[in-house]
Structure formats: structure tokens, C-alpha cells
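When reading the values below, keep in mind they use all heavy atoms of this one structure, side chains included, and skip hydrogens, waters and symmetry mates. Each chain gets a letter, A, B and so on, in the order the sequences are listed, and its residues count up from 1.
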Amino acid sequence: LNYDYDEGSETWPFFLLTVILMGLIPLTIMQLYRLIFANDSLETKEELQEDELYAKLGKLDTKQEILEFRMKYDNKNQISKVFNWRNLIVIVGWAFVALLVQRISNNDAIKQAAVGIFDPYELLGISVSASDRDIKSAYRKLSVKFHPDKLSKDLSQEERTSMEEKYVQITKAYEALTDEVIKENFLKYGHPDGPQSMSHGIALPKFLVEGSASPLLILFYVALLGIILPYLVGKWWTKTQSYTKKGIHTKTASYFVDRLVNYKPSEIVTVDLIIKWLSHAEEFKLFYPDLTPADFEELLHDHINRINSNEKGPNRNVVKFRIVAKCHSILLGFLDIAAGFRNLDVANYALDTFKCIVQAVPNSPKAQILQLPNVNKEQFENGSVDDIYTLGKLFTFDDEKIGKILGIKDKKQLDHTLSVASNIPHIRLIKADFVVPGETQVTPLSTPHISLKVLIRSAKHKIIQTEHIPESMLAESQDFEHMRDPFAMVNEQPLIPYSYAPFFPTMRRSAWCCLVSLQKDNKLIQTPVMVNRLSFQNLSKSFDKRQVKMIGKDIEGFKPEDWVIGTIKIPLGQPAPQQTGTVFFRVVVKSTDYFGSDLDFTMAMHVKE
Amino acid sequence: LSYNQNNKQIALLDPETETETPQTNIAQINKLTADLIAESNPNFTPQPKEEASKLIKNLFETGLKQIKQNKLPDALKSITLAIQMAKRKRTSYEAFGIQLQELQFMLRQKIDLQLLLGKFVDALEDLEFLLGTGMASNDVFIRKTDALLKLKKFQLAKVAAERGLSLHPNDTKLKALMMECNRNLVEFNG
Amino acid sequence: NQAMTRRYDAITKRKEVCIKEW
């Protein structure tokens with residue numbers, strides 16, 4: 001009924017230590033994990049080389065403004081990984097722990113209490129893992145030494161008493177480890193004689209609870225439980241609720257849903273329409289509450305048409321860079337929503353919009369050429385040669401002629417442009433199958449996935465037909481590991497390197513987006529699948545179509561084993577139909593960053609018993 | 001909403017704030033109202049009106065005659081007029097199935113004329129309309145692929161041919177068009 | 001019937017957009 005306060009500072013340091021460590025240890029582990037593992041500095045040599053190549057290509061054409069912007073926003077993440085509040089709290093926390101531990105070890109009162117703890121192993125001088133035999137022999141040895149009858153006669157009274165006490169302790173220790181009843185006592189109460197005196201108290205010094213500091217303490221608790229805690233929880237809750245799983249603001253998502261619900265099929269989708277919708281994103285409003293969607297639309301158009309926005313107002317370019325950089329996640333969220341509405345057209349145009357924004361090129365039939373650097377637009381568009389729309393067609397001409405077509409007079413500039421053009425990855429389909437792991441065909445209600453074998457090649461390379469690639473290079477291993485997880489092999493491919501995108505505000509990696517639709521109703525059947533891993537090694541091969549010759553059906557000097565075959569696997573969201581027959585699917589593999597890098601083909605799924 | 005007692009039409013009180021859907025709904029209601037008011041027969045049915053059918057048929061047959069006489073631009077005009085006549089004379093409560101079939105029938109003729117006369121974008125849009133009404137027959141895809149090829153949109157032509165072949169796998173004309181698309185694409189991509 | 005008419009009437013606008021895009 002009567003509680004003692006912790007006058008001797010015996011217990012409150014332990015209480016405080018426990019409370020601090022409860023939070024500190026998980027936080028420390030989390031921060032260490034972040035620092036060490038969350039880097040993508042775990043890149044392979046090949047990945048680093050490719051990254052360097054594209055970074056070099058892009059740097060030449062990137063304006064100073066954008067480089068500065070990148071320095072500010074890309075590096076911000078790097079630095080903040082080490083110098084942030086959480087790390088500071090961790091360091092301060094551990095320093096405090098050290099202080100507490102030191103205080104505890106210097107506290108005599110605690111030491112005294114510790115001394116009173118009954119430790120039979122220590123008394124008998126044996127280790128904790130000693131066997132029964134060791135216990136017996138240790139007791140025998142010590143009892144011989146300390147037995148009252150065996151004590152020497154010339155010891156003083158005090159020494160005698162202490163020896164006798166010691167003997168009693170030793171006997172008790174032995175019994176605590178061997179005798180059943182006493183052992184039970186020891187295990188239950190920590191002492192062989194049964195429950196010792198226990199004191200209940202409050203692990204806080206008196207001054208905090210009853211003294212002058214007590215109103216402060218009450219205030220502290222009230223603030224913590226009544227104000228700080230609800231505020232933090234509320235803030236976290238609204239933050240979680242405001243963003244969808246794909247990382248876009250819920251208001252943005254509901255705007256897109258509204259647009260698609262009210263979308264009339266009579267309205268043709270265009271990139272301009274999608275940009276109009278994008279400009280209503282809540283994220284932009286949060287960045288710049290003073291600007292309207294019309295402003296954002298204008299800025300996006302400025303970006304695509306490579307107009308300097310600073311002429312319209314101070315610092316508008318920075319505003320433009322920020323919203324353009326944000327378009328990446330908003331467009332991906334929009335793509336997801338379009339897939340939810342099964343709208344193939346909108347999804348296709350969303351990806352076209354992506355390309356336009358990344359390359360800062362309007363969506364025209366000539367975009368493939370206009371994405372190259374140093375192109376003289378007027379000269380190219382008014383050129384007298386047959387209309388050239390594709391990089392592939394461009395590379396049928398010799399370098400000098402290309403210079404004339406693109407209106408590039410400077411040799412160095414031309415070389416650079418050709419270098420960029422030959423490093424834009426083109427994707428060629430070698431083989432496309434519906435695969436059911438462990439089966440040779442697709443059976444009703446099985447779960448097939450789409451397996452694509454592709455060749456990443458340069459527009460400069462001679463076309464390699466499927467017949468030129470031996471089947472052995474396309475076959476996949478049939479071992480158990482592969483059956484268990486057929487998608488694992490995709491992750492063994494290197495990360496796609498950084499894009500050549502000198503007009504995009506941040507460094508980015510390109511990706512391909514796979515859309516699958518049913519030919520029967522022309523609607524998407526599932527959410528888009530992103531491809532982030534493919535080897536670009538083939539791009540550096542010298543296999544110029546202007547020089548390589550054909551010998552009948554074979555290509556002179558072509559060694560298939562020198563080339564890397566890429567694999568794309570698209571899981572299907574639904575099982576094969578119940579009835580046998582043929583179902584046609586349209587597969588669109590579209591690049592998010594480059595024009596001319598797409599695949600669009602039809603696959604037949606033959607469902608057989 | 002406001003209601004006009006004289007012509008029995010409704011209108012939005014504040015048209016600026018409303019989105020398109022309510023405006024469309026109101027326009028529909030008003031048209032229906034106007035049609036009903038203009039209806040003189042108290043026992044009207046969804047049967048298509050004889051009078052209108054005659055007018056439309058006349059214009060259409062004029063067009064067919066002009067085709068036989070090889071006056072293609074005139075034929076196109078006649079058939080376009082026939083379609084416009086249908087839109088004007090037919091009321092919204094006449095059977096939808098019949099109106100749709102009538103329009104589809106006339107459009108097919110119109111599309112063929114447009115293709116012959118080199119109006120490929122017009123033909124393409126009419127074909128898209130037919131596809132949108134659920135008409136996915138092989139001739140629609142054949143004509144769509146053809147129009148796109150003539151417009152040099154080889155990739156889009158291939159997409160149309162592929163869809164056509166998915167729905168009509170044995171159609172020889174589509175197969176031939178597919179080969180033509182591929183031939184053109186090879187050239188297009190260098 | 002009215003939806004069909006609206007869709008048919010949209011053809012003119014669609015043509016304009018198409019030509020502009022291409």
C-alpha cells in the first residue's frame with residue numbers, strides 16, 4: 001500500500017535504459033540496412049560500363065541548366081542518406097545509453113543489491129554448464145575446506161564466523177542445484193530458502209513525482225498522450241491515405257478515373273489530350289499552389305517543344321523541370337488506371353506521351369529522327385529525298401548522305417549524332433510462345449505465361465532473322481529450379497542502362513512496357529508488365545548493314561554465339577480457357593523512352609487437351 | 001433545370017458548371033420531346049416510316065445508278081445525301097436495329113466510293129464507325145487495311161490486318177494484304 | 001439512336017484530329 005520512491009537511484013536507470021533500447025535497437029538496424037543495402041551501387045561491371053556510355057553520350061547534349069538541376073535533386077538523395085535526422089537520433093541515443101551504463105556501474109547501491117543475489121555457480125566456483133559430477137566434486141572440495149570442524153585453530157572469531165557463513169552458503173548452493181525441493185525454490189524465487197524480502201517501488205526518483213517537477217511530469221504525459229501521439233498518428237494516416245499503391249495522389253487518381261469513366265469512344269485519344277489530363281495532377285498543385293492546370297499544360301507543351309520557359313517568367317524553367325520529372329510516376333499511375341478500364345488506345349497513347357516527354361519531341365511521324373541530337377528540323381523536313389521516318393531507313397545511306405539529310409555540316413556533330421542513333425536500342429522479336437512450365441502445350445485451365453526471345457540490336461545492324469539463330473540459343477533449361485520459378489532467369493539479365501535523354505530533368509533508366517489485349521474485343525486483359533532488365537551488349541557490335549553481305553540466305557560473318565538473346569516473360573493474369581481452340585492475343589511491347597523501339601504483334605494460343 | 005412551357009424543352013439553369021453528361025442527357029430528352037410533339041399519328045409504332053424510307057431509298061438508288069454510269073463523285077454525293085436524309089427524317093423512337101442496319105448498308109457503299117475516289121481518311125473514319133457498331137466482318141478489315149496502306153501508315157495497316165486475320169483466319173485477301181504490309185514495312189524500316 | 005447519331009456526327013472532328021496528327 002505504501003510505495004517507496006527510488007531514492008538511491010537503483011531502478012530508474014534500468015527503466016530508462018530499457019525504454020531507450022526498445023526504440024534504439026530497431027532504429028539502428030533499420031538505418032544500417034538502408035545505408036548498406038538500399039544502394040544500387042551493387043551494379044555489375046557490364047551495367048557500369050553501359051551506364052557510363054550513355055551518361056557520356058547524354059552529357060554532351062545536356063544543357064547546363066539541367067545539369068545544375070540534376071546536381072541539386074539527384075544528389076540530394078545521396079547526401080541525405082548519411083546526414084539525416086534519424087542517424088543523428090541513433091548516435092545521440094547510443095551516447096545516452098553509454099552514459100546510463102556508466103552511471104549504473106558507478107552506483108554503489110546497485111552494486112550492493114547485486115551482491116545480494118544468490119549465484120550457486122559462483123559460490124561453488126564452477127561454470128554454468130557444469131555437470132552433476134562436477135558440482136558434487138566442487139562441493140566436496142570446498143566443504144572440506146570450509147567445514148567448521150576442519151577449520152584451523154588459529155583463526156580469529158571474525159574469520160571463523162565468516163568461514164562458517166561461507167560454508168552455509170556453499171551447502172545451500174549445492175542443495176540448490178541438486179535437491180529437488182530446494183532447486184524448485186531457487187528457480188522460483190532466486191534463493192534456496194524460498195521467497196526473500198521483496199520491495200515494491202516506483203522506478204522514479206521522488207522529486208519527479210512528488211516534488212516541484214511533478215506538475216512538469218504531468219504536463220509531459222498529457223502532451224505526449226493527448227497531443228503529440230494523436231498528431232503523429234493522424235499525420236501518418238493521412239499521408240498513407242493520400243497516396244495510391246502506385247504512388248500517385250488519390251486526387252490525381254480519381255481525376256483520371258473520372259476522365260476515363262466519361263471518355264467517349266468517339267473522341268480520338270491524342271498526346272495533347274493526355275497532357276491536358278496530366279496537367280490536373282494534384283502533385284503539381286502541391287508543388288506550386290499558385291499555378292493552374294492551364295499553366296502546367298503550357299509548361300509541359302513548352303518542354304515538348306523545347307521552348308525556354310524563362311522567357312515567360314523568372315525561374316519558370318525550374319518549375320518546368322520539377323513537373324516534368326514528376327510526370328514519370330504520374331504517367332505510370334495513369335497507365336495502370338487505363339489498364340483497369342481495359343482501354344488499349346489510351347494505354348498506347350500514354351506510352352507515346354511518355355516518349356514525347358522523355359525526349360522532348362512532339363508526337364509526329366518523324367519523331368524517330370527528331371529524337372536525335374543536332375538535327376536541323378527545317379532542312380530535314382523539307383528535304384528532297386524520299387520521306388525518311390525511321391532510323392533503320394536512315395542507316396541505309398552512307399554517313400555523308402545522312403549528314404546532308406539531317407542538315408548536319410560539322411563532322412564531329414555528325415559522328416556524335418550517328419553514335420547516339422546507333423546506340424538507341426531496337427528490339428527484334430525472335431520467338432514468341434505461350435509456355436506452361438513442365439508441359440509441351442497449353443491445356444485447358446492451365447496457367448501459361450508469354451515467353452519472348454528478343455534481340456536488342458542497333459538500327460545500324462543488318463537484320464537477323466529467326467532462322468539465323470540456332471534453337472539451342474533459344475531453349476530454356478528444363479531443370480527443377482526453372483520449373484519452380486520460370487521468371488528467375490529474367491532477373492539474371494543486367495539492368496537496362498541509363499537513357500539518352502538530355503532534355504529530361506533527371507537521369508533515368510528506360511524500360512519497356514508490355515500490354516496484352518484480346519484480339520476478339522480489342523481490350524486489355526491485365527495491368528502492364530514492365531521490363532527493366534535486358535542486355536544492351538549487342539549494340540556495340542560492328543555489324544553495319546551497309547557493309548555486311550548476304551551469301552544466299554546466310555549472313556556473311558555472322559556468328560550467332562557472339563550475340564546475346566534477351567528474354568521477356570509476361571505472366572498472364574488469368575488461366576487458359578476451358579474449351580479447346582485458338583485464342584488470339586495482341587502483344588505490344590513499347591519503350592518508355594525511345595521512338596522506334598517497339599514491338600506490336602499477334603500471338604495465337606492453341607488450347608489442346 | 002428550367003422548363004419552357006411553349007416548346008416543352010428543358011434547359012440547365014447554369015450551363016457553365018455542368019459537365020458534358022447532363023448536357024447530353026438534356027439534349028436527348030429535348031430531341032425526343034420535339035419528335036413526339038411533331039408526331040401526328042396518335043397510334044405510332046417503332047416501325048420505320050414509309051414516307052421517310054421512300055425518300056431515303058430514292059436518293060440511294062440514284063447513287064447506285066450514277067455508279068453504273070461511272071459518275072463516281074456524283075454517286076458519293078447522292079449516297080451522302082441519303083444518309084443525311086435518314087438522320088433528319090428518322091425519329092429516335094423508330095426501331096434502332098433497323099436504323100442501324102440501314103446506316104451500315106449505306107455506309108458500306110459510301111466507303112467503297114471513297115476508296116475508289118482516293119478519300120482515304122474519310123473512308124477510314126467511316127470504317128472505324130462500322131467497327132464501333134460491332135461490325136467486324138472481313139470486308140471491314142480488308143478495306144481498313146487497304147485505306148491505311150494507301151495512306152502509308154504501314155504499322156497501323158499491319159495491326160488492322162492482324163486483327164482481321166485473328167477473327168477470320170482463313171481469309172485469303174487478308175493474308176495477301178498482310179504480306180503487302182510486311183513488304184512495305186521492310187522497306188519503311190530500311 | 002441518338003448515341004449512334006452523335007457517334008456519326010463526331011466523324012468530322014475525328015477526321016480533323018487524324019489529319020493533324022499525321
Side-chain angles (χ1 to χ4, degrees), chain A residues 258-259 261-268 344-345 348 365 368-369 386-397 402 421 426 428 457-463 465 517-523 545-546 581-588 590 595-606, chain B residues 18-25 27-28 103 121-122 124-138 140-141 144-145 148 150-171 174-175 177-179 181-190:
Chain A
D258 191 65
R259 294 293 98 221
V261 163
N262 291 315
Y263 172 65
K264 298 190 295 278
S266 59
E267 199 172 5
I268 290 194
L344 177 59
D345 270 343
N348 250 332
Q368 270 197 51
I369 308 289
D386 302 302
D387 287 328
I388 297 169
Y389 297 95
T390 60
L391 289 177
K393 185 79 181 188
L394 191 70
F395 273 114
T396 53
F397 300 98
I402 294 177
H426 278 224
R428 178 157 179 86
R457 56 177 277 275
S458 164
K460 196 162 80 169
H461 291 159
K462 180 130 189 89
I463 281 280
Q465 307 284 9
S517 69
L518 264 183
Q519 281 291 32
K520 198 163 107 176
D521 58 6
N522 216 17
K523 290 194 199 280
K545 62 170 131 189
R546 298 170 288 191
T582 308
V583 189
F584 290 95
F585 292 86
R586 178 179 169 194
V587 180
V588 177
K590 250 180 139 101
F595 289 95
S597 265
D598 309 329
L599 284 177
D600 190 342
F601 57 96
T602 298
M603 284 175 78
M605 180 194 277
H606 302 288
Chain B
E18 293 297 337
T19 59
E20 252 185 274
T21 318
Q23 288 174 345
T24 311
N25 287 338
Q28 286 188 164
L103 180 58
V121 182
D122 293 27
L124 194 61
E125 287 309 324
D126 288 342
L127 283 160
E128 287 287 1
F129 176 85
L130 285 180
L131 273 170
T133 60
M135 199 175 191
S137 62
N138 48 352
V140 172
F141 288 105
K144 188 174 171 191
T145 311
L148 286 164
K150 299 258 169 46
L151 286 166
K152 300 218 174 133
K153 293 283 162 198
F154 306 120
Q155 181 55 39
L156 291 173
K158 181 168 169 240
V159 170
E162 276 184 355
R163 179 133 195 259
L165 278 169
S166 307
L167 298 169
H168 311 278
N170 298 316
D171 192 291
L174 278 172
K175 285 187 195 162
L177 279 169
M178 182 66 164
M179 280 179 23
C181 291
N182 284 328
R183 246 197 325 264
N184 279 301
L185 273 171
V186 164
E187 176 62 39
F188 183 72
N189 286 315

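Of the atoms belonging to A:Asn262, it is side-chain heavy atoms, and not backbone ones, that fall under 4.5 Å from chain B. Interface remark: A:Asp521 contributes backbone atoms only to the contact with chain B (heavy atom separation under 4.5 Å). With a threshold of 4.5 angstrom between heavy atoms, A:Ile268 approaches chain B through side-chain atoms but not through N, CA, C or O.
Your options are B:Lys152, B:Lys153, B:Glu187, B:Lys158, and the one with the most heavy-atom pairs under 4.5 Å with chain A is B:Glu187.
Rounding to the nearest 0.5 Å gives a distance of 6.5 Å between NZ of A:Lys264 and OG1 of B:Thr24. Atoms CG and CG, on B:Leu131 and A:Asn522 in that order, are 8.5 Å from each other to the nearest 0.5 Å. For the atom pair CD of B:Glu162 and CZ of A:Arg586, the computed distance is 8.0 Å after rounding to the nearest 0.5 Å.
Side chain of A:Thr396 to backbone of B:Gly190: no donor-acceptor contact under 3.5 angstrom is found.
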